[in-house]
Chemist: 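Quick one: structure below, then a few questions.
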Amino acid sequence: MEKMRNYFRQSLARQFVVLVTSFLVVFVIGSVSLFLYQTSLTSTFEQKKEQIETKMKYAQEIERAFNQAFSDARGYLAFNRKEFKLSIFREQEHVQTALDALELAATTKDDTQFLLKARQFANYYFGTLVPQAIEAFENGNMQKVLSLSENGGTASIEQFQFQMKTYKNTLNEQLDWEFQQLRNDQATAQTAFILFIFTILTILITIARIMMRKIGKPLNELAKVAEKIANDEQVVYDVREATNREDEIGKLANAFKKMLTSIQEKEESLMAHNEELLAQQDELEVQQAELEQALETMQAREKELKRHNEFVHGLSNSLDKQDVLQSIVFHMARIMEADRGMIVLMNDEKTHAAFGLSAHGVEQFLTYIYNGLHQRLFEQKKPFMLKREVSASEKGYHEETMFVHDIFLPVLSNENEVEAILVFSRFGGPFSDEEMQEYIGLTKQISISLQKIALYEQSEQARETVQHILNTVQEGIHFVDKNGNSKIVNKQMVALLQKQSIVELEGASYEQWARGLVEQSDAGKTLCDYLQSIIFNGDEEREPFVYHLPQKRKVIQVYAKPLYRNGERQGTVFVHRDITKEFEVDQMKSEFVSTVSHELRTPLSSVLGFTELMLTKELKPERQKKYLTTIYQEAKRLTALINDFLDVQRMESGKQTYDKKYEDLVSIIENVIDTQKVNTTIHQFHVRKETDKTTVLGDRDKLAQVFTNLISNAIKYSPEGGNITVRIYERGNRLCVDVQDEGLGIPEEAIPNLFTKFYRVDNSDRRRIGGTGLGLAIVKEIVKAHEGEVTVTSELKKGSTFTVSLPLVTLARSGDDERETDEKQAHAHVIIVEDDENLAALLEAELKDSGFRVKLVKEGKEAIALIQKEKPDAVVLDIMLEEHDTSGWDVLKALKQNEELAHIPIIISSALEEREKGMALGANSYFVKPYQPSQLSKTILQMLLNKERQGEIFVPLNEEAN
């Protein structure tokens with residue numbers, strides 16, 4: 001040790017190095033300690049902050065779940081909706097999950113106490129209070145529900161809410177305390193730093209004083225001595241102290257001549273070291289300023305991250321396009337510190353959201369969206385900035401010159417197309433390049449969010465389309481998963497299950513939807529077994545199942561098909577098809593077979609029986625005549641039955657023909673009544689004619705068949721006799737006929753099916769009467785073919801009234817242009833263009849007999865000239881004429897090209913079968929030779945009736961004629 005001291009004592013430089021080294025060690029250790037302490041403070045604060053925020057998040061989740069459960073419980077007790085009940089217990093799971101997570105994050109006694117109280121309340125609320133309240137509510141015991149609320153239920157909820165609020169306040173206080181602690185610790189660190197600087201300066205001063213004491217004093221003495229020596233003054237100088245030193249001073253004392261140079265060198269060295277120390281001091285001050293700036297930057301970054309988090313949360317928190325756009329423009333304005341802004345989607349609707357803009361400004365922007373400065377976005381697809389002077393409308397009360405900075409940002413899709421544009425304005429200052437890059441990154445997040453919303457909207461649209469398609473299907477369609485839970489239904493299935501909406505069945509369990517179906521049907525357990533075997537056992541080979549719904553009077557056939565995806569069974573599609581009509585038709589056909597068998601066998605039995613008697617026995621002439629009369633009547637009955645079958649077949653196939661003429665309906669009805677009178681002696685017939693306009697255009701035999709069926713039914717279904725009244729009257733432009741009886745009447749539910757083939761009212765009284773159920777079906781078809789309609793009104797035990805309505809035909813007379821006396825009886829003027837004299841004469845005779853004025857012509861050119869001159873009411877035109885230059889086609893074209901003649905009806909009479917060509921060129925009708933001349937006259941008459949030409953002719957009345 002002594003040797004070491006001697007070593008340092010021998011040199012001032014060594015002593016100085018030791019001092020400086022010690023100073024540097026102290027400085028480094030102090031600086032590192034302060035830096036580590038500052039870093040430790042920040043890290044500890046971030047860790048504690050993260051713990052507190054984690055606990056706050058779980059506490060908020062617990063609070064949200066409890067509040068939702070409270071709301072669902074009130075909703076269930078108020079509206080009795082099952083989804084609220086299910087939601088209560090889903091929220092119980094959320095509460096339990098959040099409590100478990102909070103327990104893992106608990107670090108303090110307050111956390112543990114809150115967890116204990118929360119679990120106790122959850123067990124009480126979900127385990128005791130809610131089940132008791134639901135049970136009491138479902139049992140209709142509302143008094144117990146009120147008692148549960150008054151006897152601690154509401155108080156416990158309010159107490160828990162207070163505890164929750166207290167715990168959240170505690171967490172907030174902890175966070176504030178930690179932040180305040182950080183600030184205190186940072187203040188302490190700053191104080192320590194100042195003290196450290198002060199200590200360093202003290203050490204430097206101490207070092208300087210030591211050096212001054214060891215070097216300055218001896219040097220000063222030497223200087224004085226040197227000055228005195230330089231002044232040649234007598235100096236008494238004791239050099240023992242200097243010469244006893246082993247360092248450089250001692251050597252200087254021994255080498256006085258070198259003393260001045262040595263002192264100067266040491267002085268310069270000291271000055272340099274002093275400057276270095278001052279520089280280090282400045283550097284420490286700069287580091288302190290940098291630390292303070294770093295702290296401010298960290299705080300600003302924290303605020304920025306919070307705004308960014310809010311921005312991202314706004315993007316992901318909703319799938320509603322308008323809400324997301326409003327969130328984007330609001331949070332972007334906050335991040336940019338912009339005063340106003342707007343976002344617009346480049347879709348057909350120009351969906352948009354604005355911040356700080358008036359409605360007029362938004363409208364103006366949308367109107368000129370493709371013409372303004374932002375057009376540059378569509379061309380370059382890059383953001384840009386613009387500085388402009390604030391307009392007078394934007395200044396408000398400011399008078400000085402102001403500037404505003406606008407930024408235009410495109411939102412690009414994956415295809416690099418502009419799918420939205422953002423425009424923001426800031427009055428405070430320009431946007432930097434770093435900010436521009438940050439905003440570009442945010443637009444990418446906006447693009448992703450918009451794409452997500454677009455995909456969601458597409459999926460929703462596809463789902464709605466599928467649902468609309470399913471709703472248009474008449475069958476009830478129901479898709480269930482492997483567990484029997486309802487997934488997809490259409491509105492027909494909703495109606496079948498007696499629900500109000502599709503939402504009620506979405507997600508319903510097997511027990512929920514199957515119970516309603518099974519309870520409605522008469523199949524009961526059989527239907528339940530059928531559904532279970534397909535859903536849970538995967539029995540795909542089951543045949544369709546038929547069940548009845550007695551309350552709805554429906555017959556339903558259900559069949560099932562499994563649905564597979566990637567080879568895995570996903571569920572089952574059930575199709576419930578309403579086969580009520582098919583079922584009824586099958587029943588009607590079965591009844592028809594038995595009825596026909598009875599109707600055929602009865603008269604055949606009579607015919608065979610009487611025939612056998614006549615063949616095997618000798619009978620008197622009067623008895624033979626009686627038997628033959630019976631056989632004849634039964635044969636006529638069989639013939640009528642067979643004719644009914646044939647009529648129905650012809651009507652269904654469209655092959656039924658009608659020979660329509662102008663007939664007096666009264667005479668037809670009177671003939672039918674005369675015929676039917678022989679079949680009864682207990683009925684009285686009455687004909688009430690309330691109009692003189694009783695002419696109709698129809699087939700006499702078919703109309704007679706209509707009224708025969710109606711009147712014979714009136715006789716059959718009034719077995720006790722009574723009055724049968726036929727009333728003929730006008731109603732508008734219709735001629736109506738009522739056939740009224742005083743018989744059994746018809747049940748109201750049977751009236752809609754009354755005119756259906758083979759239908760017979762299900763009643764024992766009517767069954768004994770007999771019949772095939774074809775008569776009224778034939779009546780309806782015949783009346784329909786005559787452009788009429790048939791209806792019925794009835795009252796049980798009081799009789800029925802069948803009403804037949806037909807178009808009314810009346811006599812219309814000509815006006816001022818009355819023809820000569822010999823032409824007054826003619827219907828109209830017809831020109832026949834025919835080169836065959838015999839056929840021309842035949843057609844002329846037929847038309848004249850029908851009341852037409854007729855002129856004949858053989859050549860085409862002559863025909864055109866005559867038609868232009870006389871302008872007939874109709875033209876009968878042959879195609880193959882003797883004049884080869886002008887054929888019938890030429891005549892037809894010439895007439896149709898002439899505006900004055902184009903309206904004249906043209907009937908082609910030709911041996912050529914070119915009907916399509918003739919009709920295409922404008923012909924009104926086409927007859928292929930040979931044909932009956934009467935058909936020609938009827939066709940012309942019908943055409944003229946439709947045109948309502950002048951003259952004394954029969955025309956159908958319409959509403960305009962009235």
Side-chain angles (χ1 to χ4, degrees), residues 469-478 489-499 516-524 526-527 530-531 542-561 573-599 644-654 656 709 713 746-764 766-767 770-785 789-794 800 802:
I469 293 173
L470 291 178
N471 289 340
T472 59
V473 178
Q474 296 301 317
E475 289 79 9
I477 297 178
H478 192 188
V489 294
N490 63 350
K491 64 180 183 181
Q492 285 74 18
M493 193 66 197
V494 172
L496 185 63
L497 293 177
Q498 294 182 333
K499 301 295 183 181
L517 184 63
V518 172
E519 289 176 354
Q520 289 185 70
S521 70
D522 60 351
T526 307
L527 176 57
Y530 174 81
L531 297 174
R542 293 292 296 265
E543 295 293 329
F545 185 84
V546 177
Y547 61 92
H548 295 250
L549 301 178
Q551 294 181 351
K552 297 182 179 180
R553 295 183 180 180
K554 289 185 177 181
V555 181
I556 307 296
Q557 181 189 60
V558 57
Y559 65 89
K561 292 293 181 182
V573 177
F574 288 96
V575 179
H576 297 256
R577 180 169 169 263
D578 187 351
I579 60 169
T580 305
K581 291 185 178 179
E582 291 91 333
F583 184 79
E584 291 176 351
V585 168
D586 288 339
Q587 283 189 324
M588 289 167 57
K589 287 182 179 179
S590 300
E591 295 178 2
F592 169 70
V593 170
S594 60
T595 301
V596 169
S597 300
H598 175 269
E599 294 292 329
D644 284 346
F645 294 153
L646 294 177
D647 285 342
V648 170
Q649 183 181 11
R650 283 194 294 268
M651 291 174 183
E652 288 182 343
S653 62
Q656 182 68 48
N709 276 321
N713 280 350
I746 303 169
E748 183 178 355
E749 64 272 11
I751 290 178
N753 301 317
L754 202 59
F755 296 96
T756 305
K757 291 180 298 181
F758 311 128
Y759 180 80
R760 299 179 67 218
V761 179
D762 189 10
N763 184 287
S764 58
R766 293 169 177 80
R767 292 294 182 186
T772 60
L774 294 175
L776 292 179
I778 293 173
V779 167
K780 181 178 179 180
E781 291 297 330
I782 294 175
V783 173
K784 183 178 179 181
E789 60 180 357
V790 57
T791 57
V792 62
T793 57
S794 182
S800 305
F802 286 83

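Since we're looking at a predicted model, the values are computed, not measured. All heavy atoms count here, side chains included; hydrogens, waters and symmetry mates do not.
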Chemist: Apply side-chain hydrogen bond (donor to acceptor under 3.5 Å, both in side chains) to Y530 and list each qualifying residue two or more places apart in sequence or on a separate chain.
Modeler: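 Partners of Y530 under the side-chain hydrogen bond (donor to acceptor under 3.5 Å, both in side chains) test: none.
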Chemist: Once side-chain hydrogen bond (donor to acceptor under 3.5 Å, both in side chains) is applied, do any residues pair with D578, and if so which ones, sequence neighbours excluded?
Modeler: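 By the side-chain hydrogen bond (donor to acceptor under 3.5 Å, both in side chains) rule, D578 matches T580.
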Chemist: What distance do F545 atom CZ and T526 atom OG1 have between them, rounded to the nearest 0.5 Å?
Modeler: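 Nearest 0.5 Å value for the CZ-OG1 distance: 5.5 Å.
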Chemist: Nearest 0.5 Å, please: how far is NZ in K554 from CD1 in I579?
Modeler: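 One gets 12.5 Å once the value is rounded to the nearest 0.5 Å.
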Chemist: Apply side chain to side chain contact (heavy atoms under 4.5 Å, CB included) to K499 and list each qualifying residue two or more places apart in sequence or on a separate chain.
Modeler: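 Partners of K499 by the side chain to side chain contact (heavy atoms under 4.5 Å, CB included) criterion, ordered by chain and then number, come out as V494, L497, E504, L505.
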Chemist: Which residues pass the side chain to side chain contact (heavy atoms under 4.5 Å, CB included) test with E475, not counting sequence neighbours?
Modeler: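 For E475 the side chain to side chain contact (heavy atoms under 4.5 Å, CB included) partners, ignoring immediate neighbours, are V473, V575, R577.
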Chemist: Apply side chain to side chain contact (heavy atoms under 4.5 Å, CB included) to T791 and list each qualifying residue two or more places apart in sequence or on a separate chain.
Modeler: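 Once residues adjacent in sequence are excluded, the partners of T791 under the side chain to side chain contact (heavy atoms under 4.5 Å, CB included) criterion are T803.
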Chemist: If I take atom CD1 from residue I556 and atom CG from residue L517, how far apart are they, to the nearest 0.5 angstrom?
Modeler: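 Spacing of CD1 (I556) from CG (L517) equals 9.0 Å.
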Chemist: How many angstroms lie between atom CG of L531 and atom CZ of R542, to the nearest 0.5 angstrom?
Modeler: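 That separation rounds to 9.5 Å.
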Chemist: The criterion is side-chain hydrogen bond (donor to acceptor under 3.5 Å, both in side chains); which residues satisfy it with D522, sequence neighbours excluded?
Modeler: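 Expected list: none.
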Chemist: Side chain of Q520, backbone of L496: donor and acceptor closer than 3.5 Å?
Modeler: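 Looks like yes, one N/O pair under 3.5 Å.
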Chemist: Please identify each residue that fulfils salt bridge (charged side-chain N to carboxylate O under 4.0 Å, His left out) with E789, with sequence neighbours left out.
Modeler: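 By the salt bridge (charged side-chain N to carboxylate O under 4.0 Å, His left out) rule, E789 matches no residue at all.
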Chemist: Might you point out which heavy atoms bring N490 and L470 nearest each other, and give the distance in Å?
Modeler: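 Nearest pair, atom of N490 first, then L470: ND2-O, 3.0 Å.
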Chemist: Mind checking what makes ring pair (Phe, Tyr, Trp, His ring centres under 6.0 Å) contact with F574, not counting sequence neighbours?
Modeler: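 By the ring pair (Phe, Tyr, Trp, His ring centres under 6.0 Å) rule, F574 matches no residue at all.
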Chemist: For residues G524 and V518, report the shortest heavy-atom separation together with the two atoms involved.
Modeler: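 Shortest heavy-atom contact: O-CG1, 3.5 Å.
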Chemist: Drop me the distance from I778's CD1 to L776's CG, to the nearest 0.5 angstrom.
Modeler: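 Reported value, rounded in 0.5 Å steps: 9.5 Å.
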Chemist: Just to verify, what does S794 make a side chain to side chain contact (heavy atoms under 4.5 Å, CB included) with, not counting sequence neighbours?
Modeler: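 In terms of side chain to side chain contact (heavy atoms under 4.5 Å, CB included), with neighbours along the sequence ignored, S794 is linked to I746, S800.
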Chemist: Measure the NE2-NE2 distance between H576 and H478 for me, rounded to the nearest 0.5 Å.
Modeler: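 With rounding to 0.5 Å, NE2 (H576) is 7.5 Å from NE2 (H478).
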Chemist: What residues form a side-chain hydrogen bond (donor to acceptor under 3.5 Å, both in side chains) with Q557, not counting sequence neighbours?
Modeler: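 Testing Q557 for side-chain hydrogen bond (donor to acceptor under 3.5 Å, both in side chains), a comparison that skips the adjacent residues, returns none.
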